[in-house]
Amino acid sequence: MNHASDREPGLGPGRLGEIARLFLRLGVIGFGGPQAHIAMIHDEAVVRRGWLEEAQFLEGVAVCEMLPGPASTQTGIYTGYLRAGPLGALVAGVCFILPAFIIVLTLAWAYFRFQGVPQITALFFGVSPVVIAIILAFCWKQGQKVLRDRAAVAIATTVGLLHWYFQTPVLILFLLAGIVGLAIYPPSRSGPKPTVHHQVWWLPLPSLMQLTGVMATLPVETLPVASFWGLERIQTYLIPLTGFFIQVGALVFGGGLVIIPLLEATVVNNFHWLTHSEFIDGVALGSITPGPVVITAAFVGYKVAGALGALAATVGIFAPSFTFRSEEHTSELQSHSDLVCRLLL
């Protein structure tokens, strides 16, 4: 039924349409977190359609789990690439993200439009504890996976103390922990090379120092909500929104919930874009909608600069996922760490 030639990358008749229809549907029904999304992609692309072989898919998932960015979105991009080349990757990723973006944009509009209505306030009083429970469960699960030796426990404990007692910025803690990790767990240069290679293109992004300089000119009080389109603000906030979320997207290792402390510390405490309660409610909306939880970026962007701000934030946080292009049967995987260093330094 499925032939080997049908698995070869290329546009072919109707391949982009097939990819678009599949990933739009998955984007609409994709509830349940990244593992559920990956299982859905596997069922559709490997089992039902035979676009990929089992080994190809498993190799791709393993690599996507190692790279920054939401693993489920990267798996979709990887699948689209193997099916129809770079255009297939772009179509798969955009179609998977688009439904969640539209839903969160609509909910963000409704949230800020009816903010203060007693029924809406009561609704989020009930939803917010669920988000906290989800985060705690995620932390427990990730801790069991990651904290497997004394060095990992020491890094986690030290980072926790630095953040708790000295209020060290979360982004600085990410960088320091990454440097320590490179020293303790140096990448191996020997051994068999994986059959999947990710070519990486560096985007000319503003550095953290440049972004900090731009943000220093913005008001320190919490922003009022923008108009729906945000035309009055997008010129001022386009670079800060896009630059910040691109760099956040380059740090999403281990799942979308990992970035919540970074987002909270920056968009609430440093940039004053959202209040604490608005931020928790935004995470709640990002968690209950289909697609990756990092779509919370659209909620933040809407508050700052309307629909155009939501688009800028969404493009920014997913852009790093599109810089990792998968190729079959080539050489080693290691350039992702170089990209992250160049993004941040």
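At a threshold of 4.5 Å between non-hydrogen side-chain atoms, the residues I97 and T314 count as touching. A 4.5 Å side-chain heavy-atom check between T242 and V315 finds every atom pair outside the cut-off. No side-chain heavy atom of P290 sits under 4.5 Å from any side-chain heavy atom of V28. Between H42 and V61 there is no side-chain heavy-atom pair separated by less than 4.5 Å. For the pair F96 and L26, the minimum side-chain heavy-atom distance is below 4.5 Å. In this structure, the side chains of Q74 and L67 come closer than 4.5 Å at one or more pairs of heavy atoms. Between H276 and N269, some side-chain heavy-atom pair lies under the 4.5 Å cut-off. Looking at Y111 and D281, their side chains come closer than 4.5 Å, going by heavy atoms from C-beta outward.
In terms of heavy-atom proximity, L52 sits nearest to V46 at O-CG1, 3.7 Å. The shortest heavy-atom contact between T222 and L274 is CG2-C, 4.0 Å. Counting all heavy atoms, side chain and backbone alike, R233 lies closest to A226 at NH1-N, 3.5 Å. Scanning all heavy atoms of the two residues, the minimum distance from I38 to F57 falls at O-CZ, 3.6 Å. Closest of all the heavy-atom pairs between F31 and M40 is O-CE, 3.9 Å. The two residues C64 and Y78 have their closest heavy-atom pair at SG-CB, 4.4 Å.
For T296 (side chain) and V293 (main-chain N/O), a donor-acceptor pair under 3.5 Å exists by modelled atom type. Remark: side-chain polar atoms of H37 are not paired, donor with acceptor, to backbone N or O of S72 under 3.5 angstrom. Q56 places a side-chain N or O within donor-acceptor distance of the main-chain N or O of E53, the cut-off being under 3.5 Å. Under the 3.5 Å distance criterion, the side-chain polar atoms of K303 are left unmatched by any main-chain donor or acceptor of A298. In this structure, the side chain of E232 engages the main chain of S227 through a donor-acceptor pair within 3.5 Å. In terms of modelled atom types and a separation under 3.5 Å, the side chain of T289 and the main chain of G286 share a donor-acceptor contact.
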Decide yes or no on side-chain contact (heavy atoms from CB on, under 4.5 Å) for L87 and L16, but give the supporting numbers first. CA-CA 8 Å; L87 272 179; L16 290 179; 4.1 Å; yes
Check step by step if side-chain contact (heavy atoms from CB on, under 4.5 Å) holds for F166 and L161. CA-CA 8 Å; F166 299 101; L161 291 174; over 6 Å; no
Walk me through it: do E264 and I280 pass the test side-chain contact (heavy atoms from CB on, under 4.5 Å)? CA-CA 9 Å; E264 191 270 342; I280 293 297; over 6 Å; no
Carefully, step by step, assess S321 and I77 under the rule side-chain contact (heavy atoms from CB on, under 4.5 Å). CA-CA 8 Å; S321 295; I77 294 170; 4.0 Å; yes
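To the nearest 0.5 angstrom, L176 atom CG is 11.0 Å from I155 atom CD1. Atom CG of L308 sits about 15.0 Å away from atom OH of Y237, to the nearest 0.5 Å. A distance of 8.0 Å separates OG1 in T73 from CD1 in I41, rounded to the nearest 0.5 Å. Here the CZ atom belonging to F23 is positioned 14.0 Å from the CG atom belonging to L98, to the nearest 0.5 angstrom. In this structure, I234 CD1 and L241 CG are separated by 6.5 Å, a value rounded to the nearest 0.5 Å. Expressed to the nearest 0.5 Å, how far CG of L24 lies from CD1 of I19 amounts to 11.5 Å.
Residues F271 and F244 place their aromatic rings such that the two centres sit under 6.0 Å apart.
Hydrophobic cluster membership differs between I179 and V159, with clusters built from Ile, Leu, Val, Met, Phe, Trp and Tyr side chains linked at under 4.5 angstrom.
Between Y302 and F112, the angle of the ring planes stays under 30°, which puts this pair in the parallel group of the 30/60° scheme.
Taking 4.0 Å as the cut-off between side-chain N and carboxylate O, E18 and R83 count as a salt-bridged pair.
For Q235, the CD atom sits in a loose shell: 12 or fewer heavy atoms of surrounding residues, nucleotides or ligands are nearer than 6.0 Å.
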